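Treat the numbers as computed from the prediction; the structure is a model and nothing was measured.
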Amino acid sequence: METTNIDLLMKLAKGKKVLLIEDDEQILEIFKTALETYFSLVKTAVDGKQAWDLYRKEHFDLVVSDIQMPNTNGIMLSKGIKAHT
């Protein structure tokens, strides 16, 4: 049986945790629903401060962030995460 890209994604994403940051709540819900199809856990934040607080408390395998958002933009958040790990 041939493995498809979707099968591979599902296999690789199993058991992985995602932190999704987006200040537009409608977009946040759409992305969250899509990511929950593949990943075991998707936590969300609506701004950089909330995301940073979540990130410091638990491990995430993947962080998906908006760039322009309140209380720390996505670039600064990424730099903080990189420095923290």
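- Heavy-atom contacts from other residues, nucleotides or ligands closer than 6.0 Å to CZ of F31 number 12 or fewer.
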message: With side chain to side chain contact (heavy atoms under 4.5 Å, CB included) as the criterion, how do V63 and I21 come out once you've worked through the C-alpha distance, each side chain's angles and the decisive distance to 0.1 Å?
response: CA-CA 8 Å; V63 176; I21 309 109; 3.6 Å; yes
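- Atom OH of residue Y38 and atom CG of residue L12 lie 12.5 Å apart, to the nearest 0.5 angstrom.
- For the atom pair NZ (K43) and OH (Y55), the distance works out to 14.0 Å, reported to the nearest 0.5 Å.
- At a threshold of 4.0 Å, the pair K57-D53 does not count as salt-bridged, since none of the basic side-chain nitrogens sits closer than that to a carboxylate oxygen.
- Taken together through direct or relayed side-chain contacts under 4.5 Å among Ile, Leu, Val, Met, Phe, Trp and Tyr, L8 and F39 form parts of separate hydrophobic clusters.
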List the atom pairs, with distances to 0.1 Å, where a side-chain N or O of residues 72-80 and a protein N or O form a donor-acceptor pair under 3.5 Å, not counting sequence neighbours.
unit_1	atom_1	unit_2	atom_2	d
N73	OD1	I75	N	2.9
N73	OD1	M76	N	2.8
S78	OG	G74	O	2.9

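- For the side chain to side chain contact (heavy atoms under 4.5 Å, CB included) criterion with L35, the lone passing option out of L41, T44, V18 is V18.
- The aromatic rings of H84 and W52 sit perpendicular to each other, their planes meeting at more than 60°, with 30° as the lower class boundary.
- Residues S40 and G15 share a closest heavy-atom pair of OG-N, 2.6 Å.
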task: Go through the steps to decide whether V42 and L20 satisfy the test side chain to side chain contact (heavy atoms under 4.5 Å, CB included), and finish with yes or no.
output: CA-CA 7 Å; V42 178; L20 172 64; 4.3 Å; yes
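- In this structure, L62 is a member of the same hydrophobic cluster as I27, with clusters built from ILVMFWY side-chain heavy atoms closer than 4.5 Å.
- With rounding to the nearest 0.5 angstrom, the CD1 atom of I81 is 7.5 Å from the OG atom of S65.
- Residue pairs meeting the salt bridge (Lys or Arg N to Asp or Glu O under 4.0 Å) criterion with at least one partner in residues 10-26, sequence neighbours excluded, are K17-E58.
- The CD atom of Q50 sits 9.0 Å away from atom CG of L19, with the distance rounded to the nearest 0.5 Å.
- Grouping the Ile, Leu, Val, Met, Phe, Trp and Tyr side chains by contacts below 4.5 angstrom, directly or via other members, places L28 with V64.
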